[in-house]
Structures are given as structure tokens and as C-alpha cells.
Amino acid sequence: MDIEKVGVVGCGLMGSGIAEVAAKAGFDVVVREVSDNLIKAGRSRIRKSLDRAAKRGKLTATDRDAAWSRLRFSTEISDLADRHLVIEAIVEEIGAKNELFSALDGLCGPDTIFASNTSSLKITDMAAATGRPDRVVGLHFFNPVPVMELVEVVRTIATSDAAFNAAYAFAEALGKRPIVAKDNSGFVVNLLLVPYLLDAIRQLERGVASMEDIDRAMTLGLGYPMGPLTLCDFVGIDTVYRISEIMFDEYREGRYAAPSLLKRMVSMGRFGRKNGKGFYDWSGDQPTPLPLFPRR
Ligand code: CAA
Ligand code: NAD
């Protein structure tokens with residue numbers, strides 16, 4: 001299964017990074033978003049990231065321009081019909097993902113491999129929504145995609161060796177260092193990361209320490225690159241919430257239950273760095289903690 005033409009669905013935080021690394025690695029990439037405005041935002045995120053890489057000497061100007069020329073953007077799902085691999089990075093909801101894969105199933109050639117970048121849903125459930133369960137895999141990238149080396153490559157009981165090997169080789173061709181994970185909700189990383197993030201929010205709710213001190217504890221005490229509350233803002237508060245709901249539904253363990261504060265932040269539209277406000281206010285040069293509890 002030779003992969004040359006790649007489709008990426010969703011050009012938010014993750015889709016834009018996946019499209020960028022695929023174009024840099026020489027693949028012909030079509031990115032699909034739902035509106036022209038979202039295409040504009042996604043395009044500009046990719047352009048900025050490519051420019052930054054060129055400025056920092058990670059990429060020559062010629063390679064940046066070549067990568068840019070390999071990217072096309074569309075709101076039409078039919079533009080994905082000739083792709084060899086389609087990776088979805090849309091909202092973390094099984095209904096939306098199944099609807100997408102079912103539409104792609106009727107559109108793409110029989111050899112096209114479908115991959116999901118899901119954080120917590122099961123690939124099996126998406127594979128079952130298609131007529132090609134043997135060609136559905138998980139390719140779970142990490143944020144920010146251009147920097148993080150890991151990709152979790154996930155196969156279900158139905159995935160063929162050929163599709164799995166092609167997906168694994170694709171991750172390697174991007175310069176990533178893949179691992180193989182079982183199709184359980186959260187794979188390897190999120191099974192460990194999600195309870196940690198939710199526990200940090202519970203610590204904040206209980207007043208164990210201030211927001212900044214909880215974050216500082218983990219950066220200074222354990223050498224983590226970001227504290228857990230900053231990381232929640234970085235991943236997206238809405239996404240962390242959806243992941244926790246899905247993992248709680250799957251495992252029925254309290255450690256995956258969404259803390260009340262997380263739910264309230266979603267209701268208030270505090271989605272984190274992507275829309276400027278989460279635990280922190282991201283509008284200035286430095287993130288500043290936002291008040292979360294009643295004050296006099
Ligand atoms: N896109 C491209 N490159 C980026 C970038 C971005 N969004 N953000 C940072 N970089 C690059 C910079 O260009 C810089 O490159 P050089 O060193 O080669 O010049 C390098 O990354 C370091 O950047 P900075 O010096 O600006 O900042 P930093 O040292 O604070 O690092 C970070 C930034 C890499 C994001 C680091 O803070 C980090 O690793 N944070 C943790 C990220 C993490 O845990 N990700 C996983 C999230 S969970 C997930 O993804 C799974 C899920 O399903 C939810
Ligand atoms: P995001 O909200 O930044 O982007 C999602 C994008 O998908 C939006 O721009 C939305 O308009 C678009 N979209 C929705 N339905 C679509 C459709 N049918 N066709 C085309 N575009 C559509 O979300 P994100 O953070 O990029 O997350 C995307 C996926 O990646 C989720 O499954 C998430 O769990 C997973 N993931 C997220 C992270 C992270 O750190 N944020 C890390 C790894 C995996």
C-alpha cells in the first residue's frame with residue numbers, strides 16, 4: 001500500500017500540525033475544513049509554523065516553499081476522493097467521526113486507509129461504521145505535532161497487516177518515532193495523562209495550592225516542560241472535558257470523572273489557549289492566572 005496522497009480532515013490545533021508535517025515530509029496534502037473562515041485560520045497557523053521553522057534554521061526557505069506548495073485546502077469532502085490515506089482530526093465525538101468515515105467510505109477508493117487521531121475513542125467503533133474495517137487504524141499524534149516525536153499507531157482486531165504496516169511506515173516517513181498501542185480508550189499516553197490532569201484540577205478545587213504553584217510544582221519538582229493546568233489550556237479545555245467524559249463512560253472509574261470546575265469552564269466558553277482564556281489568560285505576552293472562585 002503506497003501512500004503519496006494524504007487527506008487531513010479538520011484544520012484545528014492537531015489537523016494543522018498533521019498537515020504541516022505531512023507536507024514537509026513530501027506528501028501531497030488536501031486539508032478539509034467546514035468553512036472558509038476556518039480554512040483561513042488553519043492556513044495561517046500552518047504558514048506561521050513553517051515560517052517560524054525557517055526562521056529558526058530548521059527548514060530552508062526553499063523547503064518551506066515546497067512544503068507550502070504541497071498543501072491544498074477545501075471545504076468539499078469530495079476533494080478527498082483520490083487520497084491514499086485520510087487522517088481525521090475533528091471534534092472528539094463518536095457521532096461526528098462515524099458520520100465522516102461513513103461519507104468517506106462511499107467516496108474514496110477501496111484501498112484508501114482511514115486513520116483517526118482520536119485521544120480517547122475506540123478505533124474499533126469507527127472501523128465498524130465503514131465497509132472497510134480492515135483498513136482503519138489509529139494514528140495518535142501529540143501536540144504540538146511538529147515538535148512531539150511520538151505517534152501511537154493503533155490496530156483493531158480487524159486491521160490488516162498491510163494497512164497497519166503502511167500506517168506505521170507513514171508515521172516513520174514523517175520523522176516520528178511510533179509505538180504500537182492496543183485499541184483501548186486512551187491508548188498508552190492518555191491512560192496515564194488524563195487522570196493526572198484531572199487530579200490537578202481537583203487539587204485546585206480543593207485549594208491545595210494556587211494555580212501557578214500547582215504548575216510550578218510539576219515543572220520545578222519533576223522537570224515537566226509544562227505544569228498540568230497550563231497543559232490543559234494547551235490541549236484545549238473543551239477537548240480535555242470530552243476526553244474525560246469518554247474515558248469515564250468507558251471505564252466507570254472516578255479517576256476519569258470530569259471535575260465540576262472543568263465542566264463550568266466549558267459552559268463559560270473558556271477553551272484555553274486556542275480562544276485566549278482557560279485557566280490562564282493568554283492574550284498577553286505571558287499567561288496570567290484567571291480568577292475562578294468567588295471574590296469579595
Ligand atoms: N509548532 C511548531 N513548533 C513549536 C511549537 C508549535 N506550536 N511550539 C514550540 N515549538 C518549537 C519551537 O520552535 C522550539 O524549537 P527549537 O528549540 O528548535 O528552536 C521548540 O519547540 C521549543 O519551543 P519554545 O522554546 O518556544 O518553548 P518551550 O521550550 O517552552 O517548548 C513545548 C514548548 C515544546 C510546547 C514544551 O513546552 C512542551 O513540550 N510542552 C508539553 C507538551 C505536551 O505535553 N504535549 C502533549 C499534549 S497531550 C496530547 O497531545 C495527546 C492528547 O490526546 C490530548
Ligand atoms: P480543534 O477544536 O482545535 O479542531 C477541530 C477542527 O475540526 C475544528 O476546526 C472543526 O471546525 C473541524 N471539524 C469538525 N468537524 C469537521 C468535519 N466534518 N470536517 C472537517 N473539519 C471538521 O481540536 P483538536 O485539538 O485539533 O482535536 C482534534 C482531534 O485530535 C480530537 O479527536 C482530539 O481528541 C485529538 N487530539 C487532540 C490533541 C490536543 O492536544 N488538542 C492531541 C492529540 C489528539
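The basis for the numbers below is simple: all heavy atoms, side chains too, and nothing from hydrogens, waters or symmetry mates. Counting starts at 1 for both ligands and their atoms, in listed order. Not measured: the values here are computed from a predicted model.
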Exercise. Is there a donor-acceptor pair closer than 3.5 Å between any side-chain N or O of E33 and the backbone N or O of F73?
Worked result: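 Checking the backbone N and O of F73 against the side chain of E33, no donor-acceptor pair under 3.5 Å is found.
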Check [X] against [Y] and note the closest heavy-atom contact, atom names and distance.
{"X": "V8", "Y": "L80", "result": "N-CD2, 4.5 Å"}
{"X": "A23", "Y": "A67", "result": "CB-O, 3.5 Å"}
{"X": "L100", "Y": "R32", "result": "CD1-NH1, 4.4 Å"}
{"X": "Y280", "Y": "P287", "result": "CB-CB, 3.8 Å"}
{"X": "P146", "Y": "S49", "result": "CG-OG, 4.0 Å"}

Exercise. Do D281 and S283 have a side chain donor and acceptor closer than 3.5 Å?
Worked result: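 Checked: D281/S283 side chains pair up, N/O donor to acceptor below 3.5 Å.
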For this session: Can you run down the ring-ring contact (aromatic ring centres under 6.0 Å, His included) pairs that involve residues 106-143, sequence neighbours left out, and say none if there aren't any?
Result: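 Sorted pair list: F101-F114, H140-F142, H140-F187.
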Just list the N/O pairs, ligand 2 to protein, that are under 3.5 Å apart, with the distance for each.
from, atom 1, to, atom 2, distance (Å)
ligand 2, 2 (O), K274, NZ, 3.3
ligand 2, 3 (O), L13, N, 3.0
ligand 2, 9 (O), E33, OE2, 2.5
ligand 2, 11 (O), E33, OE1, 2.9
ligand 2, 11 (O), E33, OE2, 3.4
ligand 2, 19 (N), R32, NH1, 3.1
ligand 2, 26 (O), L13, N, 3.3
ligand 2, 26 (O), M14, N, 2.8
ligand 2, 30 (O), N117, ND2, 3.0
ligand 2, 32 (O), I90, O, 3.2
ligand 2, 32 (O), E92, OE1, 2.6
ligand 2, 32 (O), K97, NZ, 2.7
ligand 2, 34 (O), E92, OE1, 3.1
ligand 2, 34 (O), S119, OG, 2.7
ligand 2, 36 (N), S119, OG, 3.2
ligand 2, 40 (O), N143, ND2, 3.1
ligand 2, 41 (N), V235, O, 2.8

For this session: Give the protein residues with at least one non-hydrogen atom closer than 4.0 Å to an atom of ligand 1, ordered by chain and number.
Result: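 Residues S49, R52, R56, K58, S119, H140, F142, N143, P144, P146, V147, M148, N190, L193, P225, M226, L231, F234, V235 each place a heavy atom under 4.0 Å from ligand 1, listed by chain and number.
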For this session: Report the residues that fulfil ring-ring contact (aromatic ring centres under 6.0 Å, His included) with F170, sequence neighbours left out, ordered by chain and then residue number.
Result: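 Here the qualifying residues are F27.
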